[in-house]
Enquirer: 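Below is a structure I'd like to ask you about.
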Amino acid sequence: MKLTIPLPKEYSFEKTIERVKEFEKATEHEKDKKLWRAIRLSSRAIVVGVCKNEAGELEIESHDKLSRFEQMELKEIMTHRWSLEVDLTPFYKRMAQNPILYSTIPDRMGFHIVRDPDLYECLIRTIISQQLNLSFAGTLIHRFIEQFGEKISHLDMWFSSFPTVERVADLNYEDLTTLQLTQRKAEYIIDLSRAIVEGKLDLSSLQQETDEEIMKRLISFRGIGRWTVECLLMFGYGRSNVLPAADIGLRNALQLLYGSDTRPSETEVREFAKDWSPYASYVTFYLWDYLTQQKKISKVTKKGYNER
DNA sequence: GGCCAGGCTAGCA
DNA sequence: TGCTAGCATGGC
């Protein structure tokens, strides 16, 4: 069955899915001009495909019939995932005042942040990604989902939903270290899942808190540092003014963009970012994307040079 | 072969 | 309170 949601103005679906196709190869599969993945509703996991239809709306197709309640829930999850409530116009106006930053915008007009469908998934993905290059992190996430997720068949393909917190809470550390997660990350992931199951940690109850309060509450758990909360704020809670000032990718991007000899420190990043508020999440996201694109270009250039 | 990844913790001064 | 070695492995 199909649902549709209108896209906001300044929304480029094409540019927005590019990044998903690149970084979420493990969970997203393209078929019949739609991007498919498993999504967990409160009642069950389903397989969902999305595309932009001829009317310019987001079209969502589910592998199975959905109840009225499930339809509402799915629309809410998709609105959040694809940042459909975000109007980028004021962000672009602000960026126009900074020519260097603005140089990254024209190639990314309408490019929106793609968030995780749920907070637990976001937390675990972020912990797995700590201190790893994104490509290896993607491999580990893929193994984790394949191993412990629920399998659903659709369009002659198998999809795995993100593992439930109950399932993960029941695992042994060894179940994760065999996937090549480190002993410590295995402990973080399983201990946090147990804390959630036992009611010691309730991610959704923090929804109405301020960024600072969420930071204070979550950072007290083992395995969750500043960076992890910042990612959770951006990709889980959907906060628009997050600055992961110590993030290596953001610092590399600023170094490259400003043509600096050295990588800016966390303090210097805060100096760069003093006029980014209240759009720091978007500036960060655009700079991350700028960095990946530039890396790709330099790789192609090097390859061409070597082949000559 | 060595250094670096969209970090975090424990242990030490 | 602030600093840093160690974690672990793929990619370049």
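If you're wondering where the values come from, they're calculated on a predicted model, not measured in any experiment. In the text below, chain A, chain B and the rest are named by the order of the sequence lines, each starting its count at 1.
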Enquirer: Name the nucleic acid region contacted by A:I224, choosing base, sugar-phosphate or nothing; use a 4.0 angstrom heavy-atom cut-off, strictly under.
Expert: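 Sugar-phosphate, no base atom in range.
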Enquirer: For A:K295 and A:F221, take the nucleotide of DNA chain B holding the closest heavy atom to each; which residue's nucleotide lies nearer the 5' end?
Expert: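 Closest to the 5' end, via its nearest nucleotide, is A:K295.
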Enquirer: Is A:T182 close enough to C:dT9 that one of its side-chain N or O atoms is under 4.0 Å from OP1 or OP2 there?
Expert: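 Result: no.
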Enquirer: The test is side-chain contact (heavy atoms from CB on, under 4.5 Å); show your working for A:D247 and A:C231 and say whether it passes.
Expert: CA-CA 10 Å; A:D247 175 83; A:C231 287; over 6 Å; no
Enquirer: On a plain distance test, is the side chain of A:R143 in donor-acceptor contact with the base of C:dG10 below 3.5 Å?
Expert: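 Side chain to base: no pair present.
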Enquirer: Take A:E187 and A:L176 through the side-chain contact (heavy atoms from CB on, under 4.5 Å) test and state the conclusion after the steps.
Expert: CA-CA 9 Å; A:E187 292 169 13; A:L176 296 187; over 6 Å; no
Enquirer: Counting only non-hydrogen atoms, which of residues 266-280 of chain A are less than 4.0 Å from DNA chain C?
Expert: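 None, since no heavy atom is under 4.0 Å.
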Enquirer: Are more than 12 heavy atoms, taken from residues, nucleotides or ligands other than A:Q208, located less than 6.0 Å from that residue's CD atom?
Expert: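 Enclosed.
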Enquirer: Taking atom NZ as the centre, does A:K216 end up with more than 12 heavy-atom neighbours from other residues, nucleotides or ligands that are less than 6.0 angstrom away?
Expert: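 Open: at most 12 neighbouring heavy atoms sit under 6.0 Å from NZ of A:K216.
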Enquirer: Using the closest heavy atom to pick a nucleotide of DNA chain B for each, name whichever of A:F23 or A:Y188 lands nearer the 5' end.
Expert: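 Between the two, 5'-proximity favours A:F23.
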Enquirer: Heavy atoms only, 4.0 Å cut-off, all strands: where does A:R251 land among base, sugar-phosphate and nothing?
Expert: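 No contact.
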Enquirer: Which heavy atom in A:M95 sits nearest to a heavy atom in A:V283, and how many Å separate them?
Expert: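 A:M95 and A:V283 have their closest heavy atoms at CE-CG2, 3.7 Å.
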Enquirer: Please state how far atom CD1 in A:I189 lies from atom P in C:dA8, giving the value in whole angstrom units.
Expert: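 After rounding, the reported distance stands at 13 Å.
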Enquirer: By centroid distance (under 5.5 Å) and plane angle (under 30°), are A:W288 and B:dG6 in a stacked arrangement?
Expert: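 The ring of A:W288 is stacked on B:dG6.
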Enquirer: Does some side-chain heavy atom of A:K2 sit less than 4.5 Å from a side-chain heavy atom of A:E59?
Expert: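 Side chain of A:E59 against side chain of A:K2, heavy atoms only: contact under 4.5 Å found.
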Enquirer: With ring pair (Phe, Tyr, Trp, His ring centres under 6.0 Å) as the test, pick out the partner of A:F111 among A:Y92, A:W288, A:F285.
Expert: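 So, applying the ring pair (Phe, Tyr, Trp, His ring centres under 6.0 Å) to A:F111 and each of A:Y92, A:W288, A:F285, only A:F285 qualifies.
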Enquirer: Within the structure, does a side-chain N or O atom of A:Q180 lie under 4.0 Å from either OP1 or OP2 of C:dG10?
Expert: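 Looking at the OP1 and OP2 atoms of C:dG10, one of them is under 4.0 Å from a side-chain N or O of A:Q180.
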Enquirer: Considering every strand and a 4.0 Å limit on heavy-atom distances, what is the contact class for A:E230: base, sugar-phosphate, or nothing?
Expert: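 The residue A:E230 makes no contact with any strand.
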Enquirer: When you compare C:dG6 with B:dG6, how far apart are their P atoms, in angstrom units rounded to a whole number?
Expert: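 Going atom to atom, P in each nucleotide, I get 23 Å.
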Enquirer: C:dT9 P sits how many Å from A:L181 CG, rounded?
Expert: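 Rounding to the nearest Å, CG of A:L181 and P of C:dT9 are 10 Å apart.
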Enquirer: Could you give the CG-to-P distance, from A:N133 to C:dC7, as a whole number of Å?
Expert: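 The distance from CG of A:N133 to P of C:dC7 comes to 19 Å, rounded to the nearest Å.
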Enquirer: Under the 3.5 angstrom rule, does the side chain of A:S281 hit a backbone N or O of A:V242 as a donor-acceptor pair?
Expert: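 Answer holds: yes.
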Enquirer: Tell me: NE2 of A:H142 to P of C:dG10, nearest whole Å?
Expert: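 Result: 15 Å.
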Enquirer: Roughly how many Å is it from OH in A:Y173 to P in C:dC7, rounded to a whole number?
Expert: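 The distance from OH of A:Y173 to P of C:dC7 comes to 19 Å, rounded to the nearest Å.
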Enquirer: Rounded to whole Å, how long is the line connecting atom CG of A:L250 with atom P of B:dA5?
Expert: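 For the pair A:L250 CG and B:dA5 P, the rounded distance is 13 Å.
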Enquirer: When you measure from the side-chain N and O atoms of A:R263 to the phosphate of B:dC4, is any distance below 4.0 Å, counting only OP1 and OP2?
Expert: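 No, outside the criterion.
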Enquirer: Starting at CD1 of A:I248 and ending at C1' of B:dC8, how long is that distance when rounded to a whole Å?
Expert: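 Nearest whole value for this atom pair: 14 Å.
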Enquirer: Name the residue closer to the 5' end of DNA chain C, choosing between A:Q131 and A:T139 according to the nucleotide with the nearest heavy atom.
Expert: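 Whichever sits nearer the 5' end wins; that is A:Q131.
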Enquirer: Should A:H112 and A:V86 count as side-chain neighbours, where that means a heavy-atom distance under 4.5 Å?
Expert: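 Yes - at least one pair of side-chain heavy atoms lies under 4.5 Å apart.
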Enquirer: Rounded to whole angstroms, how far apart are CD1 on A:I128 and P on B:dG7?
Expert: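 That distance rounds to 15 Å.
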Enquirer: Is there a side-chain polar atom (N or O) of A:N252 under 4.0 Å from OP1 or OP2 of B:dA5?
Expert: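 A:N252 to B:dA5 OP1/OP2: side-chain N or O found under 4.0 Å.
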Enquirer: Between C:dG10 and B:dT9, how far apart are the two P atoms, rounded to whole Å?
Expert: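 Those two atoms are separated by 24 Å.
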Enquirer: Between B:dA10 and A:R222, is there an OP1 or OP2 to side-chain N/O distance shorter than 4.0 Å?
Expert: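 So the side chain of A:R222 is within the cut-off, an N or O lying under 4.0 Å from OP1 or OP2 of B:dA10.
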Enquirer: Can you tell me the pairing partner of C:dA8 across any strand shown, Watson-Crick or G-U wobble, with both distances under 3.5 angstrom?
Expert: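 Pairing partner: none.
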Enquirer: Which is true for A:T284 with a 4.0 Å heavy-atom rule: it touches a base, it touches only sugar-phosphate, or it touches nothing?
Expert: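 No contact.
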